[in-house]
Protein chains: 2
Amino acid sequence: MNEPVWDPYDRNCPSRQVLDRVGDRWSVLVVGALTQGPRRFSELAKTVDGVSQKMLTQTLRGLERDGLVARTIFAQIPPRVEYELTASGRSLSEPMLALEEWTKANMPRIVTAREAYDGAHAPKA
Amino acid sequence: MNEPVWDPYDRNCPSRQVLDRVGDRWSVLVVGALTQGPRRFSELAKTVDGVSQKMLTQTLRGLERDGLVARTIFAQIPPRVEYELTASGRSLSEPMLALEEWTKANMPRIVTAREAYDGAHAPKA
DNA sequence: CGGAATCCGAATGGATACTG
DNA sequence: CAGTATCCATTCGGATTCCG
């Protein structure tokens, strides 16, 4: 019955890798975009502004490998591939979205803090 | 009254940078560690296994700049510096901890998914 | 003890060209 | 359209050294 104790604070624990992926910049945005429903590769590329096709592919493969995203290929010309969250992916989207919401809600405070910090640490010339 | 609309999906929006920091691998672990209470530099280095002194310093500076962590220096020999979460930092710790919890709770599924994926995509030799 | 600064190899990530 | 494969610049990040 004793389940293994996953400890991301241990550099050798597999959970560390997963936390890395889950905390990845592009993963958060891609999962967030997929929360709206299935999306095609090109749609994701447009939604997640600034992501290169290389990184988008990498991110999607990683999410797919971890069972968070499902990839469906429609045999037709031109090719059509859709990505959508799996049950795991949907459960992950909750804490991820919370992070996104926190960010948006706290931007004013952070911007202020940055200005204060930069003002107090930069003055040299 | 109309607040600015923060959109992390826009590469030029400041919220993108903040989401990046918040989703940073070390940030998540450091904030998590600080949830227990104030910690000294050396204690954090020990808790967050695998982090170099350089990255720990960088991470702490970044968090400090964003007003998430407070740094207190005790004038004594040898030097003593403590870090602790600010109010902002504590509010951030909630979604971050949720992410950590999600990871630990879903590790079994992910490990299984990875094995399945690797088994289906690797076989070449 | 708690850093800052430097050096440098490794990994990241963008741009580009090519394929099914 | 949806990738894969390369090339290459930038960044990351560890190890080391030195300072308050």
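Just so it is clear, the structure is predicted and the values come from calculations on it, not from any experiment. Each chain gets a letter, A, B and so on, in the order its sequence line appears, and its residues count up from 1.
- A:Val22 and B:Val111 fall within a single hydrophobic cluster, where Ile, Leu, Val, Met, Phe, Trp and Tyr side chains are chained together by heavy-atom contacts under 4.5 Å.
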Practice task
Would you check, one step at a time, whether the test side chain to side chain contact (heavy atoms under 4.5 Å, CB included) holds for B:Lys46 with B:Glu43?
Solution key: CA-CA 5 Å; B:Lys46 194 170 51 177; B:Glu43 293 175 320; 5.6 Å; no
Below 3.5 Å, can you tabulate the donor-acceptor pairs from side chains in residues 7-18 of chain A to any protein atom, sequence neighbours excluded?
| from | atom 1 | to | atom 2 | distance (Å) |
| --- | --- | --- | --- | --- |
| A:Asp7 | OD1 | A:Tyr9 | N | 3.0 |
| A:Tyr9 | OH | B:Leu29 | O | 3.2 |
| A:Tyr9 | OH | B:Ala33 | N | 3.2 |
| A:Tyr9 | OH | B:Glu100 | OE1 | 3.4 |
| A:Asp10 | OD1 | A:Asn12 | N | 2.9 |
| A:Arg11 | NE | B:Asp49 | OD2 | 3.4 |
| A:Arg16 | NE | A:Pro8 | O | 2.6 |
| A:Arg16 | NH1 | B:Asp49 | O | 3.4 |
| A:Arg16 | NH2 | A:Pro8 | O | 3.3 |
| A:Arg16 | NH2 | A:Tyr9 | O | 3.3 |
| A:Arg16 | NH2 | B:Asp49 | O | 2.6 |
| A:Gln17 | OE1 | B:Arg114 | NH1 | 3.1 |

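- Separating the NZ atom of B:Lys54 from the P atom of C:dA5 is a distance of 12 Å, rounded to the nearest angstrom.
- Side-chain atoms of A:Val81 lie closest to D:dA2 of the nucleotides C:dG2, D:dG14, D:dA2.
- Rounding to the nearest 0.5 Å places CD of B:Gln53 at 13.0 Å from CG of B:Leu44.
- Looking only at distances, a side-chain donor or acceptor of A:Ser27 sits under 3.5 Å from a matching main-chain atom of A:Arg21.
- Rounded to whole angstrom, the span from the CD atom of B:Gln58 across to the C1' atom of C:dA4 amounts to 12 Å.
- A donor-acceptor contact under 3.5 Å links the side chain of A:Gln53 to the base of D:dT4.
- When the P atom of C:dT12 is taken as reference, atom CG of B:Asp24 falls 14 Å away, rounded to whole Å.
- Computed from coordinates, the A:Met55 CE to C:dA15 C1' distance equals 13 Å when rounded to whole Å.
- B:Val48 places none of its side-chain heavy atoms less than 4.5 Å from the side chain of B:Leu56.
- Look at CG on A:Leu56: it is 10 Å from P on D:dA2, rounded to the nearest Å.
- Between B:Arg25 atom CZ and D:dG13 atom P there is a gap of 6 Å when expressed in whole angstrom units.
- The nucleotide whose nearest atom lies closest to any side-chain atom of A:Pro79 is, among C:dG2, D:dC1, C:dG13, D:dC1.
- For the segment residues 38-52 of chain A, residues with any heavy atom less than 4.0 angstrom from an atom of DNA chain D are, sorted by number, A:Arg40, A:Phe41, A:Ser42.
- Heavy atoms of B:Phe74 sit nowhere under 4.0 angstrom from any nucleic acid atom.
- Atom-to-atom, OH of B:Tyr83 to C1' of C:dC1 comes out at 11 Å; the value is rounded to the nearest Å.
- A distance-only check finds a donor-acceptor pair linking the side chain of A:Thr35 to the backbone of A:Val31 [under 3.5 Å].
- Taking only side-chain nitrogens and oxygens, B:Arg71 never comes nearer than 4.0 Å to OP1 or OP2 of C:dG2.
- Atom CG in A:Leu60 sits roughly 15 Å away from atom C1' in D:dT4 (whole-Å rounding).
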